[in-house]
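Here is the structure we will look at, set down as structure tokens.
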2 protein chains.
Amino acid sequence: MNGVFNSEMVAVFLAVMDTGSFSAAARQLGRVPSAISMAIANLEAELALELFDRSGREPKPTAQALALEPQARLLVAQLQQLNTQALELSQGLETRLTLVIAPELQSTQWVRPLQVLAREYPSLEVQVITAPQTDALRLLHDGGAQLALVFQRPAADGRESFQEVGRETLVAVIARQHLLLQELSSQGQLSDTQLRPVRQVMVGSRSQNDVNNPGGPFCITSEHYWRVDHPESALQMVLSGLGWAWLPRTFVQPYINGQMLVELPIANFTNGEELWVDLVWSRERPLGLGAQKFIALMAEQYRQTR
Amino acid sequence: MNGVFNSEMVAVFLAVMDTGSFSAAARQLGRVPSAISMAIANLEAELALELFDRSGREPKPTAQALALEPQARLLVAQLQQLNTQALELSQGLETRLTLVIAPELQSTQWVRPLQVLAREYPSLEVQVITAPQTDALRLLHDGGAQLALVFQRPAADGRESFQEVGRETLVAVIARQHLLLQELSSQGQLSDTQLRPVRQVMVGSRSQNDVNNPGGPFCITSEHYWRVDHPESALQMVLSGLGWAWLPRTFVQPYINGQMLVELPIANFTNGEELWVDLVWSRERPLGLGAQKFIALMAEQYRQTR
DNA sequence: CTCATCTTTCAGTATTTCTGATAGTAGCTA
DNA sequence: TAGCTACTATCAGAAATACTGAAAGATGAG
């Protein structure tokens with residue numbers, strides 16, 4: 001226990017500062033008083049600095065010791081942080097958690113669980129990516145992301161696991177000033193044939209693979225549709241009267257309230273199409289502690305608000 | 001070199017991270033390769049964490065090691081700071097430097113030298129107090145301050161040492177609209193007898209001891225004078241036309257330029273009274289490194305601007 | 001004044017780490 | 001592919017270091 005300040009010497013120094021005596025410090029550290037006495041004496045000799053005034057029965061910290069104390073405390077705090085982080089890593093905490101979120105779900109509550117996560121694992125580095133459904137799932141399999149917050153529950157091909165963390169309703173919307181609304185009786189339902197001639201704006205991935213999206217809420221399609229890769233784009237197009245689109249209710253609710261959009265009363269879909277919001281991960285890649293905790297937090301939040 | 005992270009282990013860990021190999025780290029630390037190998041192996045066993053991938057010829061840091069690196073670097077930086085601070089203290093750096101400044105000298109350049117001081121001794125705690133002349137010198141002898149930046153060079157009674165760090169000119173000023181100015185010929189000098197009936201505002205300490213201020217620029221006094229303990233108060237009183245006062249030129253120059261005050265052309269004092277600006281300290285209390293450095297910086301600044 | 005408790009010193013012990021040799025291995029070069 | 005170089009891992013012995021425990025001196029409280 002020789003030399004200038006190192007972590008052991010700092011521990012001894014602070015134990016003496018805390019307890020106010022060498023003997024008490026020895027008890028606290030599980031040593032014998034003479035060890036503490038010698039350690040401090042060596043330290044003082046090395047530093048050529050008097051740390052404690054021995055004129056009294058108990059050593060009194062000198063002004064210099066008091067000046068060094070804050071920095072010493074900072075040091076042990078940093079050291080403990082390092083060891084805590086190492087422990088977390090050894091217990092399976094990933095060094096980085098990448099979460100990819102479908103754009104339609106930006107508005108859901110995923111920030112608060114992240115806050116809790118950040119408090120529990122301060123050393124965890126988090127990255128949030130926004131990408132459309134299919135890109136998100138591709139990222140998951142590439143290893144570019146560990147978790148995806150998406151809409152459509154993946155096919156049960158066994159490559160992914162998922163956890164339900166919310167519900168969302170898809171509603172068909174159209175601009176208030178759209179011509180279609182004028183041929184609609186005030187309370188009547190909208191039939192297939194009425195809707196088919198109207199242009200539909202469809203949200204899909206950049207990759208063309210999911211054009212043949214079988215079934216699901218997209219089973220009712222118009223003859224002519226335009227494709228966009230981002231719901232925000234779809235919203236803008238619908239707002240400008242270019243056509244109608246299936247969009248999440250929470251996403252368009254402000255515009256419905258603001259009288260800019262109208263919900264289309266499609267027959268058999270009067271209450272919209274209910275979808276699951278899921279956290280998805282790859283079964284091939286074991287999840288780290290952080291990801292598991294995040295899933296648990298999201299699930300718990302969902303349970304409480306349901 | 002056992003146990004979880006301590007300062008020695010952090011040093012070894014970072015040496016390996018820096019050099020990229022156990023052998024090179026050993027060379028850097030002046031050890032033998034096997035010592036490094038064993039130390040890292042022990043650390044990994046303790047942490048239950050693989051820090052380096054040994055599949056290749058040279059150890060490759062794992063993601064966990066890379067995640068721990070920043071915190072480890074922070075730690076050694078903190079440790080070095082602690083040791084640097086201890087070294088400075090052992091070399092005589094005071095833990096706290098209290099500087100008392102006469103209010104008239106607030107406007108002089110004492111901040112820049114303090115900036116340099118803060119850069120050189122980051123751990124030095126500085127306190128700046130504003131107090132009138134006599135209070136400042138009393139603080140010096142009480143030990144409440146180490147340095148005083150004051151006007152009047154102290155009496156040569158041997159209790160204080162001083163260093164000249166500037167010059168200042170006292171000028172007699174009065175409000176532009178004061179009646180005295182109307183009975184003054186445009187270019188004429190002002191005699192004693194003309195000035196005596198006019199009320200003088202005198203700056204002095206709260207303590208009444210220095211009423212009998214012999215000689216000096218205050219030798220010319222009016223019959224009636226009011227006392228204030230702060231030049232700012234004096235300035236306000238003079239500005240409102242209550243009387244005239246001796247005040248430092250740099251202190252009142254803005255008001256002279258702004259046509260609010262007029263410099264009184266007193267006979268024999270046409271250029272005002274020149275005073276020294278001194279840094280004063282007690283001879284009974286040896287100065288610390290910081291105070292010495294500050295004095296040197298102030299003196300150098302004075303030399304350059306003279 | 002006395003006693004309990006604190007600090008310091010010192011010699012011996014015990015633990016720890018370092019050393020140096022050896023073996024095994026990876027990667028480069030011809 | 002063979003050979004060479006430089007690296008890591010292992011191990012027993014050596015050296016250094018810190019710890020222990022007893023004894024002595026000193027302080028402050030009652």
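What you see is a predicted model, and the numbers here were worked out from it, not measured in a lab.
- Within 4.0 Å (heavy atoms only), A/Ser23 reaches at least one base atom of the nucleic acid.
- B/Phe22 has its CZ atom 17 Å from the C1' atom of C/dC18, to the nearest Å.
- Look at CD on A/Glu46: it is 11 Å from P on D/dT17, rounded to the nearest Å.
- The distance between atom CG of B/Leu43 and atom C1' of C/dT16, rounded to the nearest whole Å, is 16 Å.
- If you measure from atom CD of A/Glu58 to atom C1' of D/dA29, you get 12 Å, rounded to the nearest angstrom.
- Taking the six-membered ring where the residue is Trp, B/Phe52 and B/Phe13 present tilted rings, their angle falling between 30° and 60°.
- The closest side-chain donor-acceptor pair between B/Glu8 and A/Asn6 falls under 3.5 angstrom.
- Within 4.0 Å (heavy atoms only), A/Ser55 reaches sugar-phosphate atoms of the nucleic acid but no base atom.
- OP1 or OP2 of D/dA9 has at least one side-chain nitrogen or oxygen of B/Ser37 nearer than 4.0 Å.
- The interatomic distance linking B/Leu51 (CG) with D/dT8 (P) rounds to 15 Å, in whole Å.
- For the pair B/Gly20 and A/Gly30, both in contact range of DNA chain D, the more 5′-proximal nearest nucleotide belongs to B/Gly20.
- Looking at the side chain of B/Ala35, the nearest of the listed nucleotides C/dC18, D/dA9, C/dT9 is C/dC18.
- What separates CZ of A/Arg54 from P of C/dT8 is a distance of 4 Å, to the nearest Å.
- Rounded to whole Å, atom C1' of C/dT15 lies 14 Å from atom CG of B/Asn42.
- When each of D/dC7, D/dT20, C/dC6 is scored by its nearest atom to the side-chain atoms of B/Arg57, the top-ranked nucleotide is D/dC7.
- Side-chain contact, A/Gln71 with B/Gln78: a donor N or O sits under 3.5 Å from an acceptor N or O.
- At whole-Å resolution of the value, CZ in A/Phe52 and P in C/dT8 are 11 Å apart.
- Using a 4.0 Å cut-off, some side-chain N or O of B/Arg27 falls inside it from OP1 or OP2 of D/dC7.
- Side-chain proximity of B/Ser34 to D/dC11, C/dT5, D/dT8: nearest is D/dC11.
- Inspection of the A/Glu160 and A/His141 side chains reveals an N or O donor paired with an N or O acceptor under 3.5 Å.
- Taking the side chain of A/Arg31 as heavy atoms from C-beta on, and the options C/dT7, C/dT19, D/dC19, the nearest nucleotide is D/dC19.
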Could you walk me through whether A/Gln301 and A/Arg112 satisfy the side chain to side chain contact (heavy atoms under 4.5 Å, CB included) test, starting with their C-alpha distance in whole Å, then the side-chain angles of each, then the deciding distance to 0.1 Å, before giving a yes or no?
CA-CA 9 Å; A/Gln301 176 180 268; A/Arg112 199 173 306 268; 4.3 Å; yes
